2 protein chains.
Amino acid sequence: MAMDLPVGFRFAGVACGIKSRVGANDVAVIVSDEECTAAGVYTTNQVVAAPVVLSRSRTPTERCRGLVINSGNANACTGTRGMADAQAMAQLAAKEYARNFPSQDKGADEQWIVMSTGIIGRFLPMEKIQSGIEAAMSSLGTDEKAFLAANDGIMTTDAFRKIGVRNLSLPSGKSIRLVGMAKGAGMIGPRMATMLGCLVTDARLSAKTAQQILQRTADKSFNCISVEGHMSTNDSLVLLAAKPTIENPALDQADEATFAAALTDLAIEIAKMIPDDGEGATHLIEIAIQGAKNEGDADQIARTVAMSNLVKTAITGGDPNWGRIVSAVGYAGVPIEANVLSLHLNDIHLFDRGEPLPFDAKTVSQSIRASKLTRILLKVGSGHGTATHWTSDLNAEYVRFNSEYTT
Amino acid sequence: MAMDLPVGFRFAGVACGIKSRVGANDVAVIVSDEECTAAGVYTTNQVVAAPVVLSRSRTPTERCRGLVINSGNANACTGTRGMADAQAMAQLAAKEYARNFPSQDKGADEQWIVMSTGIIGRFLPMEKIQSGIEAAMSSLGTDEKAFLAANDGIMTTDAFRKIGVRNLSLPSGKSIRLVGMAKGAGMIGPRMATMLGCLVTDARLSAKTAQQILQRTADKSFNCISVEGHMSTNDSLVLLAAKPTIENPALDQADEATFAAALTDLAIEIAKMIPDDGEGATHLIEIAIQGAKNEGDADQIARTVAMSNLVKTAITGGDPNWGRIVSAVGYAGVPIEANVLSLHLNDIHLFDRGEPLPFDAKTVSQSIRASKLTRILLKVGSGHGTATHWTSDLNAEYVRFNSEYTT
C-alpha cells in the first residue's frame, strides 16, 4: 500500500519503555504544520481518564497543533497527579515541537490534545514519556513509514493494524486525502479495553462542522462495536482537519456531504477491524436491526444482542440456538412488536412474526462454521429505525487471557 | 434435614421423558387442599414464554388451586401453539386433580398457574406432559420426599438443590411454616438460563398483601442475582399462601412484618445459591454499593458491575486489576460522585475518593484465591442508596459449556 497522506501533517511513533515488550512503540505524535481544526468524541463513562478530561475541554477548536499519545498506561483513576501528568504531556509536546520547528509560532500547551491507553490505576512513568516525546518530535515524517510508526505507538494488544485511507475527488473538483488509525480491544498485556482513534484529513472544515460530522460518524462506526461491552475510561476519537482560511475556505455543502460519507465509510471499515481482532475471537458477528420505532431504539436493541454472552457463545460453537438471540431483543428496554419479530441467521429464516419456523439445524450450524462473519438480521417491528452493530464471539481464549494473573 | 412443610399443601415430582437423561424429574405439581392465595413476579422481557403470559394474568388471586411446572422445555417463542399448550397444561392439572380428589370442588382451569423452563423455540411434547401430570397428581405427598421430588422436577442443569425452610413464631404467638425452592442458571443441556422459584407458606395472606410482599422480596433477592445477565423469557417467582377466612383472618401488621422479613431472608439465601452454582463458577461475587442517590441507582450500579466480563474474569484469575471494577461504576447510567468514589476488595482499601492507594498485589490476589466468596464494596457518593448483588465469576468452563454444539 502506497499511502497518500494528508498534506500538512507529520507523524511519528517511538518506543520509550512504557510497554514491557522491548522495542514496542508506545508514544505517538501527529502534528499539523499550521494551526488546524480538531474535533473529538469521548467516552461517556463518568469514571474518566485525565487525558480525556483535558482533551474534551480543548475540542472542538481551530487552533490545534497536534496530538500526543501514549500506550501501555491509561492514566485513569490516577487522581490529581494523573491530571498534572496529562497536562505535562501537552507541555512537553509544545516545548519539543517549538525546539524542532523554531521558525514556527511557538504555540501554547492548550493547543495539544492528549490521549492515553493501557492499564488503569497506575501513574504515568513521566521520565520515559518525556524521552519518548523528545524522540518522537525529532523523528516526524510525512511518509507511510512515519504514519505506521505512529499507528504502532497507539496499539496495545492488537494482533493487526487497524488503518485505512481514502483519496477523494469532491464534487467541486478538489482532491483531498483522509487517513485513519485505531487501536483495538485486545485484552492481553495491559488488558484494559480502551479504544483510541485518529482521523486526519487535509479537507478544510470549521470546528463546528468537523464536530458535527465526527459525532455522526462515531454513531455509525466506533459507537456500534463491542468486544465485551465494558465501557472504557479512555475512549477517544479525534478528527484533525485543515482549517478554513480566506484563501482556502471550508468545503461547500456538496463537498461536505461527500466528505462526510467517505469519513463514515472509512470509520466503519476501521471500526469493524476491532471486534474482528477481539481476544480469541473466531467470528465477527454483524447484528442488523430493522423495523424499530427509530434509530435510537434500533441501536439499543443491536447493542443488547451484541452484549449477550449467550448469543456470543452460541456463535462460537456454531450452535443454531436462536432462542438466545430472539430473547435478547426483548430486554433491550425499548418497545418491540412481538408479533412482528422475525430472525434471519446467515440468510436462513428461523423465526417469523412470533412463530418458530422448521429448519435444518445442521445447515445453520455449517453456515456459522463456514465463515468468519456471522450475520444476524432481526425485524423487531413495523417502524423505520435501523442500526447495525458488530461484535466478537466469546471464546474460552478470551476468558483465559483476561483471567490470567499478570499484575 | 427433617422439613416441616406448610400445612395444607401437597407436592409431587415425576419423570415423563422431556429431559433426555433417563429418570430425571421434569414435571412438578404443588397443590393446595383449599383455594389459596397466589402472587407472582415475572420476567420483564418483552419476548415472553406462553406460561408467563398465562400465569401473569392469573395472579394475584385468592382462588388458586396450585402450580403445574415442567422443565426441559421453556415453551417460549412457540407462538399460538405454545399458548394453547400452556392452557392445556392448566386443563390437565385441573382434570387430574379432580380425578384424584373427587370430594373436592372441581375448580376451574384458570385456578392453575403454569411454569416452564428449558430450551426456547421448541413445542412442548404434550403426550409426555400429559402422562407426567397424570403421574404427578396421583403421587402427591406432604413429606420431605415429595417436596424434594417436586424440587427436582423444576431443576435443569443445577449441580445442587436450591431449597430452604423457615419455621416462625410470629409476634401474636402463631406458628407458621415457609419453604422455598428455585432452579438455577446452569447452562449445559437445555442451556437457557431460566429462573423458576416457588415459595409456599401456611401463613394467611390476602392476595394484595402477598403480591406486595413478594415484589419487595424479589427486589432484594432474585432480582439481585445474575450469572451472565441474559434476561430470560421464563423467569417466574410465585408465592402460595393460605387464604384468609372469617375464622382464620390474615396476619396482623406485626405478624406480617415478621413474616415479610423472614421471606426476604429465605429468598436471599436461596437466590445466592444460583450464582454460587453458576456454570464453571469458582467464585461467588458479592457487590455492595453505598452512597448512591437512592436505592434504584445503587441497584443499577451493582447490576452493571455484576455484568462486566472484565470484572468477572479478573476475579476468576485472582487478579487485583481494580480499574475494571471502578470503571464499570462510571457507565451504569446513573450519577456518581467521582471524587467520593472508593473501593474495598475483601476489606482491602484500594481506591479512596478518586485516588489510587498503594497496595500489595500479592496480598489482594491471595485474598481472592483463598475464598469462594469475593466481596466488593463501592462507595459511589454521599447519598443514602444501598444495594447488594451477587454474581458468578466467568470461567473458561462457562464458555465451553455454552458453546458446545448440542442442539
Side-chain angles (χ1 to χ4, degrees), chain A residues 44-48 74 76-80 119-123 187 191-193 228-233 308-311 313-314 316-324 326-331 335-336 338 341 351 354-356 361 365 393-396 398-400 402-407, chain B residues 44-48 74 76-80 119-123 187 191-193 228-233 308-311 313-314 316-324 326-331 335-336 338 341 351 354-356 361 365 393-396 398-400 402-407:
Chain A
T44 55
N45 198 320
Q46 293 175 83
V47 176
V48 61
C77 299
T78 44
T80 45
I119 194 159
I120 291 181
R122 301 221 187 129
F123 297 119
M187 310 292 294
R191 297 181 307 151
M192 178 63 218
E228 81 295 287
H230 189 111
M231 187 197 283
S232 145
T233 50
S308 163
N309 282 354
L310 287 179
V311 171
T313 51
T316 302
D319 186 349
N321 192 338
W322 57 264
R324 297 183 179 182
V326 169
S327 59
V329 172
Y331 67 84
I336 60 154
L341 186 57
F351 192 64
E355 306 276 349
S365 179
D393 62 2
L394 175 59
N395 206 286
Y398 170 92
V399 176
R400 247 192 303 280
N402 284 291
S403 61
E404 265 168 20
Y405 176 85
T406 64
T407 310
Chain B
T44 55
N45 199 320
Q46 294 174 83
V47 176
V48 62
C77 298
T78 44
T80 45
I119 194 159
I120 291 181
R122 301 222 188 128
F123 296 119
M187 310 292 294
R191 297 183 307 151
M192 179 64 218
E228 81 295 287
H230 189 110
M231 187 197 284
S232 145
T233 51
S308 163
N309 283 353
L310 287 179
V311 171
T313 51
T316 302
D319 186 350
N321 194 337
W322 56 263
R324 297 183 180 182
V326 169
S327 59
V329 173
Y331 67 83
I336 60 153
L341 186 57
F351 192 64
E355 305 276 348
S365 179
D393 61 2
L394 175 59
N395 206 284
Y398 170 92
V399 175
R400 248 193 303 280
N402 284 290
S403 60
E404 266 168 17
Y405 176 86
T406 64
T407 310

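Just so you know, these numbers come straight off a predicted model, no measurement behind them. To find a chain, count down the sequence lines: A is the first, B the second, and so on, and within it residues start at 1.
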Peer 1: Quick check on the interface: out of B:L341, B:V47, B:T44, B:N45, who has the most heavy-atom pairs with chain A under 4.5 Å?
Peer 2: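 Option with the top pair count is B:N45.
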Peer 1: State the OG1-OH distance between B:T233 and A:Y331, to the nearest 0.5 angstrom.
Peer 2: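 These two atoms lie 11.0 Å from each other.
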Peer 1: Give a yes or no answer on whether the side chain of B:E355 reaches the backbone of A:T80 with a donor-acceptor pair at less than 3.5 Å.
Peer 2: yes
Peer 1: With respect to chain B, which residue among A:A76, A:P335, A:A314, A:C77 yields the maximal number of heavy-atom pairs within a distance under 4.5 Å?
Peer 2: A:C77
Peer 1: Counting heavy-atom pairs under 4.5 Å with chain A, which one of B:T316, B:V311, B:N309 comes out on top?
Peer 2: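 The candidate making the most pairs under 4.5 Å is B:N309.
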Peer 1: Non-hydrogen atoms of chain A under 4.5 Å away: do they reach the side chain of B:A328, the backbone, both or neither?
Peer 2: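 Both backbone and side chain.
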Peer 1: Identify the heavy atoms of A:G121 and B:P356 that sit nearest to each other, and give their distance.
Peer 2: O-CB, 4.0 Å
Peer 1: Which atom pair, heavy atoms only, marks the closest approach of A:G323 to B:I120?
Peer 2: CA-CG2, 3.4 Å
Peer 1: Using non-hydrogen atoms and a 4.5 Å limit, figure out which bit of B:D393 sits close to chain A: side chain, backbone, both or neither.
Peer 2: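 The answer is neither part of B:D393.
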Peer 1: Got a second to check how far B:R324's CZ is from A:I119's CD1, nearest 0.5 Å?
Peer 2: 8.0 Å
